[in-house]
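Chain letters run A, B, ... following the sequence lines, proteins first and then strands; every chain starts at 1.
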Amino acid sequence: MIEQIQELDEKTLRKKIELANSNQDWKEVYLLLCTYWRLFPGTLSSSYLLQQFLKLKDNYEFIPFKIGIVRSFTLEPIVPLLQVLGFVGGLHLSITLGEFDNYSQEIINPNSWLSLDKPDVTILAIDVRDRAPALWNNFTDLSVAEINEHKNELIRHVEELIYTFRKHHQKPLLIHSFVPPQIPSKGILDILSHPSQKEIFTQINQEIAAIAKKQKDIYLLDLQGLVASRGSFQFEDLQKWVMARLPIRSTEMLSLAKEWMKYIHPLSGRVCKCLVVDLDNTMWGGVIGEDGFNGIKLDATDSGFAWSSLQRAVLDLYNRGIILAVASKNNHQDAMEVIDKHPGMLLRGDKFAAFRINWNDKATSLREIAAELNIGINALAFLDDNPIEREWVRSQLPEVTVIELPSDPLQYASTLRSVPQFERLTLTEEDADRGRMYVEQRMRSELQSAASSLEDFYRSLEIQVQINRVDESSLARVAQLTQKTNQFNLTTKRYTEQQILTLSQDKNSQVWAIRARDKFGDNGIVGVIITKDQKDTVEIDTFLLSCRVIGRTIETALAAHIAQDALRRGFSIVEGSFIPTSKNAPASNFFADHNFQQIAATPEKIHWKIDLSQVKIECPEWINIISEA
Amino acid sequence: MSPSPLEEKIRGIISDLLNVTPDEIQPDSGPGSIEGWDSIRHLSLIVALEEAFGVSISPEDTVEMQNLNQIVALIQKRIKL
């Protein structure tokens, strides 16, 4: 099959695409177009591919996303490249390019096409030669004061654009940073002098970044970094600049389009949440089943450098909140021995949320992993050194992002780091913990299968539940939970922070924050209980639990707490309602399960009551409750 | 006289770019005669030719790109250099 792939030339591919089109085999058309792009990326194939994708889009699912580009220089030839990159990545990009060097007017004018089109992201590309040419051309003529004047004018110009843009548009803005000439006007003196040309540009970009940070969703694209990584003399094209005011070399336009895609993927939500990795010759050099524990290459200082670097790249993704899993055709024991014990292994078992180490085909493994982790197949990315496995997965699961690896293992790490579906624009604490939380979930499930009874399982979890009155530190989280929790929520009442604060200060109502911990980790604040004292009864106004902790009898511990608290304060009757919604079926049996009696029922609300002088609610013995009165 | 492989390849590039069939592109076809062959498409054509043949097309060269014949001749010249 490798030979098959290599023999594909453009003519053959086009014939296959025509055939697939006439057979209306849309999945096959999509796969062939992606293969075509992979083998022949660039302007040459982009016209043909774009035509084909535009025909396909009515029969295949793509996520629509609008891009607006305002600019000071020529960018027309890059548009088809960006569109094809979008389609290959699962996106239907609608791209509008503003008029040549008209970016100022288009941003400042509240009735420009930006307001009519409302792009999901706007890209602002200004070349310094178009706005502050003195800093580029006349640097050695200028006095220090003049240099600073030009610098400040440029910064103020961009600042005004940012503020005006924000005034008229709420969507994200991506701004190209400014790039200095590769050879400074002062030669090697530049780095020794004040002001240095390179430093001035750095200051300009830093100031703009600071202004952007104060706003929401304004990003600075590191164009200087891109040019440096590609090589300034390769990236620039003076002939095109003179000919058509296009500063970028033909062969480098794809690099800029790919850089834009690093923002477009996270902005559009078209990202991968989970990376599934192969093991042999991917996570280490060699085949464990053949080369043995001491024969595989995983030494960072020696022959294992390539794979060690790749593991480091994978670990960086884990720290970014990406879930990791393994799909390997191997003897389970052999593979786990390397993962658990090999000194070169950076990624121990506790980094992976799912394992499929068996002799099944990889598409099956990927499907099982997606199901086990409860995430969509299109949220998976697959990393395997074997082109046959990659082709197999692509053909079976076109929604999976199959990462194309070059033949040289030393390039594996940088290839993985360049995958745009792993880029993120924010990193919250919850994001950074995500990989770990999925791993902990796996460990709990494993324990459950090993436990001889459900009770033994619960006991082995060593669950600790902490019930505290809401205070300043938990106020925000408590309010957020009332707004976000839909499944285990008896009444689905939404509260703002202010409302929770008011309730907490009312002496006839009680607001509790529920924290849950077990031997695998701390889940944080996962539940909220609000009770209100009526004349003779305590009413359960709110009872909710995050879906992360359902199914561990924590609900019973909380019900017992409500009962205990009511009795302590002299009430023997507790009442509550279940208000059914399309999402809270998981909570519908709560009252019945805890010996409440149904006293009234309408389609909108079922009312329940318990008389604690007749019936008890006991806390399960395997749960340790820490509570304050 | 049948067209050379070079001419065929260039014809293919232009036909993809302008979304016309290769037959519609005659040796004397150019920006004047084919609809849609505007200055933006012409720039994209230059980009595509540079990519396809690994050559560099200068601003002066563009004067000699008024029709298919001229383009083929130019590329031939550039490839030799």
Side-chain angles (χ1 to χ4, degrees), chain A residues 9-11 13-14 17-18 33 36-37 40-55 69 71 73-84 95 97-100 233-257, chain B residues 2-25 29-31 34-66 68 70-72 74-75 77-79 81:
Chain A
D9 64 9
E10 294 186 66
K11 253 204 186 107
L13 274 169
R14 289 194 192 204
I17 291 165
E18 206 183 306
L33 294 178
Y36 199 123
W37 179 251
F40 308 104
T43 304
L44 275 178
S45 39
S46 63
S47 323
Y48 168 75
L49 288 174
L50 187 52
Q51 273 167 41
Q52 293 297 322
F53 272 121
L54 288 172
K55 279 200 306 204
I69 305 173
R71 44 36 184 276
F73 55 93
T74 302
L75 276 172
E76 276 77 354
I78 210 178
V79 173
L81 293 171
L82 187 61
Q83 264 185 301
V84 173
I95 304 168
L97 200 52
E99 272 179 53
F100 182 82
F233 297 112
Q234 172 171 307
F235 193 84
E236 263 237 309
D237 187 341
L238 291 173
Q239 290 192 333
K240 291 281 168 316
W241 182 245
V242 169
M243 185 195 301
R245 214 69 184 174
L246 171 62
I248 308 166
R249 193 171 301 278
S250 305
T251 45
E252 290 303 325
M253 294 210 283
L254 188 54
S255 310
L256 180 56
Chain B
S2 67
S4 67
L6 181 64
E7 187 179 317
E8 279 308 304
K9 182 153 180 185
I10 294 176
R11 184 180 265 115
I13 292 171
I14 298 173
S15 96
D16 271 349
L17 198 66
L18 300 177
N19 204 4
V20 298
T21 63
D23 313 315
E24 288 173 65
I25 302 167
S29 302
I34 295 194
E35 204 193 313
W37 193 330
D38 55 18
S39 57
I40 292 173
R41 289 270 155 73
H42 200 67
L43 181 58
S44 295
L45 175 61
I46 292 169
V47 168
L49 291 170
E50 288 187 333
E51 203 184 89
F53 300 106
V55 298
S56 214
I57 294 175
S58 72
E60 294 74 44
D61 290 338
T62 59
V63 178
E64 300 164 25
M65 287 178 63
Q66 298 310 313
L68 178 61
Q70 285 189 2
I71 295 171
V72 176
L74 173 68
I75 297 295
K77 200 166 67 173
R78 285 274 165 267
I79 290 178
L81 297 172

Engineer: Counting heavy atoms not belonging to A:Glu18, are there more than 12 under 6.0 Å from its CD?
Structural biologist: no

Engineer: Anything in residues 36-49 of chain B with a heavy-atom distance to chain A below 4.5 Å? Please list those residues in order.
Structural biologist: B:Ile40, B:Leu43, B:Ser44, B:Ile46, B:Val47, B:Ala48

Engineer: Report which part of A:Ile78 has an atom under 4.5 Å of a heavy atom belonging to chain B: side chain, backbone, both, or neither.
Structural biologist: neither

Engineer: Can you say whether A:Ser46 sits under 4.5 Å from chain B via the side chain, the backbone, both, or neither, judging by heavy atoms?
Structural biologist: neither

Engineer: For atom CD of A:Gln234, is the number of surrounding heavy atoms from other residues, nucleotides or ligands below 6.0 Å larger than 12?
Structural biologist: yes

Engineer: Using non-hydrogen atoms and a limit below 4.5 Å, what part of residues 50-58 of chain B faces chain A?
Structural biologist: B:Glu50, B:Glu51, B:Ala52, B:Ser56, B:Ile57, B:Ser58

Engineer: Return the option, out of A:Glu76, A:Met253, A:Arg249, A:Gln51, with the maximum number of heavy-atom pairs under 4.5 Å with chain B.
Structural biologist: A:Gln51

